[in-house]
Amino acid sequence: MADKKKLLLLDGSSLAFRSFYGLLDLNNFRNQNGLHTNALFGFNRILTRLFEVENPTHMLVAFDAGKTTFRTELFDDYKGGRQKMPSELAEQWPYFSVLIDAMGSKTYELANYEADDIIGTYARQAEAEGFEVVIVTGDKDLVQLATDQTRVDITVKGVSDLKAYTPEIIREEMGIEPLQIIDMKGLMGDSSDNYPGVTNVGEKTALKLLKQYDSIENLYAHIDDLKKSKMKENLMNEKDLAFLSKELATIDINTPVSYDLEEFKVSERDLEKLTAFYREMNFNSFLQNLDQSEGDNSEHFEDIAYQTLEEITEEHFSEEMALYIEMLEDNYHYGKIIGISWGNETAIYTASLETVTASEAFKNWAKNEQMKKNVYDAKRTTVMLHYAGIQLNGVSFDTLLASYIVNTKDSGRDMAPIAQEYGYKELSLDETVYGKGAKQAIPEDKTIIYEHIARKVEAIQTMQPLLMAEFEKDDLTELYFEMELPLAIILAEMEMTGITVEPERLEKMKEEFSVRLTEMERAIHEQAGEVFNVNSPKQLSLILFEKMGLPVIKKTKTGYSTAVDVLEKLSATAPIAQMVLDYRQLAKLQSTYVEGLLKYIKPETGKIHTIYTQTLTQTGRLSSNEPNLQNIPIRMEEGRKIRQAFVPSHPGWKIYASDYSQIELRVLAHISGDKHMQEAFLEGQDIHTSTAMRVFGIEDESDVDGNVRRQAKAVNFGIVYGISDYGLSQNLGITRKKAKTFIERYFEKYPGIQKYMVDIVEEAKEKGYVETLFHRRRYLPDIHSSNFNLRSFAERTAINSPIQGSAADILKVAMIRMDQALKEQGLKTRMLLQVHDELIFECPEEEIPILEKLVPEMMQGAVELAVPLLVDSNYGDSWYEAT
DNA sequence: CGGAATATT
DNA sequence: AAGGCAATATTCCGA
C-alpha cells in the first residue's frame with residue numbers, strides 16, 4: 001500500500017518568535033561573528049524533530065509578508081500596539097530560509113496576507129486532494145482549521161512540546177466545534193492581535209453563549225431572548241465590533257496563492273548546505289548528529305597513535321598519566337571490562353583485561369599513591385578495577401567530576417559531549433561506536449575499542465588543564481580537591497562494601513503481600529462490578545468516573561487524575577477509593593521494595609551495592625540508584641518494616657545511624673542572618689513550635705497543638721522551597737487567601753528571611769548563578785526569561801539551591817571527616833549509606849561508645865554556622881531499629 | 001519512551 | 001492573564 005500523502009504546514013513567523021523567546025539566552029547563543037543564534041537553534045530543533053516524528057511527504061513554511069494586510073484595511077489598529085521585532089531576532093531573520101532550504105523544504109510569503117491565510121488555503125486544498133495535514137504553530141487561532149484530516153499542533157511551553165488539537169479534543173476541552181473558535185474570538189477579541197471583541201466578554205462567557213447559540217449570527221438573531229443584563233447591553237451596543245472581530249479572526253482559505261501543492265514535495269536535505277549552516281552558526285551538537293546519521297564519522301578524525309600491549313613493563317608508566325577503563329554496562333558492580341587504556345603526551349597504550357591483570361607492573365603502578373592518575377569518573381574506575389583484583393590509588397584528577405563542578409549541567413556517562421565542550425573533537429559518542437539499546441554490542445574487531453579508548457585518554461589529557469583553569473577562575477579549587485575528589489573515593493569504598501540484606505525476611509513479606517494483594521484486587525473488582533487492571537490509571541479512571549459516575553476532582557494532561565489527594569476526597573463517599581489507595585500502597589511496596597530489592601542482592605555476598613551518582617543533581621546532592629537506597633520507606637509502619645531486612649554483615653555487629661536535625665532550616669537561619677530564627681535554634685527551641693507561636697500569635701507554648709504545629713511545619717518547608725500561596729494552600733488543604741496571610745505573617749515575623757529571598761533572586765539576576773557556602777555554583781539562565789513559568793521556577797531555584805546545596809556540602813564534609821577519623825583510629829566501623837541528611841554505619845558492638853562521641857563530633861563540627869548543628873543517633877540490630 | 005503514580009529528604 | 005512549591009528514582013501502563 002502506498003503511503004498516504006502528508007502535508008506539514010508550519011507557521012514560520014510564529015515559530016520563529018517562539019524559538020526566540022523560548023531560548024532567551026542571548027549570551028550563550030552567539031556565533032563567532034557575534035550573531036545571535038538562539039531562535040535559529042530552536043527553529044532547527046523543531047524542524048529536525050518534525051521531520052523525524054511526522055515524516056511528511058510535502059511541507060511548507062509560511063511567513064507573514066509585512067505590516068499591511070487585508071486585515072489592516074478592515075481595522076486600522078490590527079496588531080497595533082505590538083512592539084517592534086527585537087533587533088536580536090531581526091538579525092537572525094534572513095537565515096531561517098537558508099536553514100529551511102537546506103532541510104529540503106520550501107518557504108512562502110504573500111503580500112497582503114498572513115501566514116495563517118496561506119496555511120488555511122493550502123490545508124483546504126490538500127484535504128480536497130486526500131492529504132493528511134498537520135499544522136504547527138504557536139498561535140491558537142489556527143485551531144479553527146482542525147478537521148478530521150487536519151491536525152493543529154500548538155507549541156506549549158518554549159518550543160519543545162506540542163499539543164495536538166483535533167476536532168474531538170476541541171470538543172472535549174472547549175465544548176465547541178473548531179470553526180466556532182472564530183465566533184469565540186469575535187466575541188472575546190484578541191489582545192495580542194489588538195482587536196477588541198465585546199466589552200467584558202472573555203473566553204468563559206463567549207463559550208457559554210456559543211454553546212447556546214452556535215454562532216454570532218444566531219446569537220444576534222435571538223438577542224431579544226436574553227435577559228436584561230449589562231452583558232446584553234454590551235452585546236447590543238457593540239454588535240458591529242463583534243462582527244468585525246469575527247471577520248478579523250477568520251482565516252482566509254481562498255488566498256490567491258501561486259504554487260501548486262506538488263511544488264512542496266519534500267526533497268532530500270542538502271548535507272553540504274546544512275553542514276555549512278551549522279558551522280556558521282556554531283551548532284556543534286547538530287553537526288555531530290549530522291555526522292552520526294551519515295554513518296562513518298571517524299572519517300574526518302585525525303589518526304591517533306597508540307600501542308596495544310601484550311606485555312606490560314615498568315617502562316610503560318610515568319609519574320602522571322591518564323587512565324581509562326572501558327565497560328559498556330552502566331552498573332559497574334556487574335559489568336565486564338572490555339579494554340584498558342593509559343598514557344601521557346608521548347605515548348598512549350591499550351591492553352586487554354587479561355593482559356593487565358597478568359601484569360605485576362600494572363598492579364604496582366595502579367596501587368602506587370605517588371604515581372598520579374587522571375581519570376574520567378574516579379569512583380567508577382576505582383570500583384571496576386577493584387572487581388578485577390586491582391587496587392587503584394593516587395587518583396589526582398577526575399575530569400567528569402571536574403566538569404560537573406564547573407557546570408552542573410555536565411553529568412554524562414558519555415565522555416564525548418564533555419570533551420567536545422572543552423575543545424577535544426576527535427571522539428565519537430559511545431552510542432556511535434557500540435550501538436544502543438538492543439543493538440549494543442562489543443565490536444568483534446578489538447581495534448575499534450582500542451582506538452576509541454585511546455582517544456578517551458587523549459581527551460582526558462586535553463581537558464585536565466582547561467578544567468584546572470576554570471577552577472581558578474571561579475574559585476572552585478578547594479571545593480573540588482578538598483571535598484568532591486576525596487568524597488568520590490569514599491563513595492567507591494561505601495559502594496564496594498555494600499549493605500547486607502536478608503532475603504529470607506523479604507521473601508516472607510513477599511508471600512504475605514502477594515496473598516493480600518490478590519484479595520484486595522478481588523475486592524476492588526467486586527466493587528467495580530468487573531475485572532480490570534487496577535494498576536492502570538486509565539482503566540481505573542474509566543471505572544471510577546464513567547462507570548460509577550464519581551465526581552471528577554482533577555484532570556491530568558491525558559485524562560482524569562486518580563492521584564492520592566483525589567482518591568482521598570472520594571473515599572468519603574466511595575469505599576472503592578480507599579481500597580485502591582490501600583492496594584497501591586502495598587503494590588508499591590511489593591514491586592519496588594520487596595521484589596525490587598531482592599533482585600539486587602548479590603548471591604555471593606548477600607549484599608546490596610548501590611551506585612551513588614555524584615555528578616547528577618543540580619544542587620550538589622548525591623543520588624542513589626540500582627537500587628535507590630535513599631527512598632526506603634519510613635513514614636508508614638508497613639513500609640518501614642522493609643528496613644528490618646537491612647542488617648549488619650557480621651554477627652554481634654550493629655547498625656548505627658545519625659542524622660542532622662533540621663539541617664536545611666539551620667542553614668537558612670545562618671545564610672539569611674534572620675535574628676529570630678537564629679535565636680530559636682540557639683535556645684534549642686522546637687523550630688516548628690516556635691514558628692507556630694510567632695506566626696499564629698500564640699503566647700504560651702502549651703497552647704500549640706499538633707495541628708497548629710503541623711501547619712507551621714508546612715510553612716517552614718514551603719519557605720525552604722521558595723513558597724507560593726497556591727502551593728501552600730494545596731499542601732495544607734486551606735484556602736489560597738488564608739495561605740497568603742500565613743506567608744505574609746511569616747515574613748513579618750522573620751524579616752531576615754524575606755530579605756534573603758529578595759536579595760538572592762537579585763544576586764542570581766546579576767551574576768547568572770547562585771552558590772552554596774562552599775562556592776558550589778548553579779547557573780540559572782531562565783532567571784531572565786520573559787516566560788513567567790520559567791522565570792518563576794528559576795527564582796524559586798535561586799532561593800532553594802543555596803539552602804539544599806549547602807546542606808549537601810555539610811554532609812559531604814562530615815563524611816570526609818568521619819572517614820578520616822575511622823581510619824586514623826583504626827576502627828572496624830564502616831560507613832555504608834548516605835541519605836541526604838543522615839549517615840548509616842555498621843559497627844562491632846564495642847565501638848558503639850566511641851561512635852556515640854565521634855559521629856556527633858564529626859558531623860556537628862563539619863562547619864561553623866551562626867547556629868549550632870544538631871545530630872540525633874540511634875543503633876540496633878537492623879536499620880529499622882536504628883531509625 | 002513518556003506520563004502517572006508514589007517512595008524518600 | 002496566567003500558573004503553580006525543592007531535589008531525586010522506580011515501577012507500571014500504553015502508545
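Letters A, B, ... are given to chains in the order of the sequence lines, protein chains preceding strands, and every chain is numbered from 1. Computed from a predicted structure; not experimentally measured.
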Item to complete: Please say whether more than 12 non-hydrogen atoms of neighbouring residues, nucleotides or ligands are located less than 6.0 Å from NZ in Lys740(A).
Response: no
Worksheet item: Under the side-chain contact (heavy atoms from CB on, under 4.5 Å) test, which residues partner Ala249(A), sequence neighbours left out?
Response: Ile182(A), Lys185(A), Tyr195(A)
Discussion item. Reading DNA chain B in the 5' to 3' direction, which nucleotide is the first one with an atom under 4.0 Å from a heavy atom of chain A, and which is the last?
Written reply: dA4(B) to dT9(B)
Worksheet item: If you look at every strand shown and take non-hydrogen atoms under 4.0 Å, does Arg635(A) touch a base, only sugar-phosphate, or nothing?
Response: base
Worksheet, complete the sentence: Atom CZ of Phe717(A) and atom P of dA7(C) are separated, to the nearest Å, by 15 Å
Item to complete: Let me know the distance between CD of Glu795(A) and P of dG4(C), rounded to the nearest Å.
Response: 15 Å
Discussion item. Suppose you measure atom P in dT6(B) against the same atom in dA2(C); what distance do you get, rounded to whole Å?
Written reply: 29 Å
Worksheet item: What nucleic acid atoms does Thr562(A) come within less than 4.0 Å of, heavy atoms only: base, sugar-phosphate, or nothing?
Response: sugar-phosphate
Worksheet item: Can you give one letter per nucleotide of nucleotides 8-15 of chain C, 5' to 3': B if a protein heavy atom sits under 4.0 Å from the base, S if only from the sugar-phosphate, - if neither?
Response: SSBSSSSS
Discussion item. For Arg736(A), give me all partners under salt bridge (charged side-chain N to carboxylate O under 4.0 Å, His left out), at least two apart in sequence or on another chain.
Written reply: Asp725(A)
Worksheet item: Under the side chain to side chain donor-acceptor pair (under 3.5 Å) test, which residues partner Arg791(A), sequence neighbours left out?
Response: none
Discussion item. Taking any heavy-atom pair under 4.0 Å as a contact, classify Phe793(A): base, sugar-phosphate, or nothing.
Written reply: sugar-phosphate
Practice prompt. Give the rounded distance in Å between these two atoms: CD1 of Ile799(A) and P of dA7(C).
Written response: 12 Å
Practice prompt. List in chain and number order the residues that pass side chain to side chain donor-acceptor pair (under 3.5 Å) with Gln614(A), two or more places apart in sequence or in another chain; answer none if no residue qualifies.
Written response: Glu484(A)
Discussion item. Can you measure Leu728(A) atom CG to dA6(C) atom P for me and round it to whole angstrom units?
Written reply: 14 Å
Item to complete: Using a 4.0 Å heavy-atom cut-off across all strands, classify Gln585(A) as base, sugar-phosphate, or nothing.
Response: sugar-phosphate
Worksheet item: How would you label the contact of Val720(A) with the nucleic acid (heavy atoms, under 4.0 Å): base, sugar-phosphate, or nothing?
Response: nothing
Worksheet item: Which residue pairs pass the salt bridge (Lys or Arg N to Asp or Glu O under 4.0 Å) test when at least one of the two sits in residues 578-596 of chain A, sequence neighbours left out?
Response: none
Worksheet item: Is there any side-chain hydrogen bond (donor to acceptor under 3.5 Å, both in side chains) pair reaching into residues 199-208 of chain A, and which pairs are they, with sequence neighbours excluded?
Response: Thr199(A)-Glu238(A)
Practice prompt. With heavy atoms under 4.0 Å as the rule, sort Arg621(A) into base, sugar-phosphate or nothing.
Written response: base
Discussion item. According to side chain to side chain donor-acceptor pair (under 3.5 Å), who are the partners of Tyr721(A), at least two apart in sequence or on a separate chain?
Written reply: none
Discussion item. Expressed as a whole number of angstroms, how long is the span from Met757(A):CE to dA6(C):P?
Written reply: 12 Å
Worksheet item: Residues two or more places apart in sequence or in another chain: which of them pass side chain to side chain donor-acceptor pair (under 3.5 Å) with Tyr583(A)?
Response: none
Worksheet item: Is any N or O donor-acceptor pair between the side chain of Arg736(A) and the base of dG4(C) shorter than 3.5 Å?
Response: yes
Worksheet item: In residues 801-810 of chain A, which residues come under 4.0 Å of DNA chain C by heavy atom?
Response: Gln804(A)
Worksheet item: Would you say Ile783(A) and Glu795(A) make side-chain contact, with heavy atoms under 4.5 Å?
Response: yes
Worksheet item: Donor-acceptor pair, Tyr769(A) side chain versus Arg776(A) backbone, under 3.5 Å?
Response: no
Discussion item. Quick test of your reading: applying salt bridge (Lys or Arg N to Asp or Glu O under 4.0 Å), list the pairs with at least one residue in residues 621-631 of chain A, sequence neighbours left out, ordered by first then second residue.
Written reply: Arg621(A)-Glu664(A)
Worksheet item: Rounding to the closest angstrom, what is the interatomic distance between dG3(C) and dA5(B) at atom C1'?
Response: 22 Å
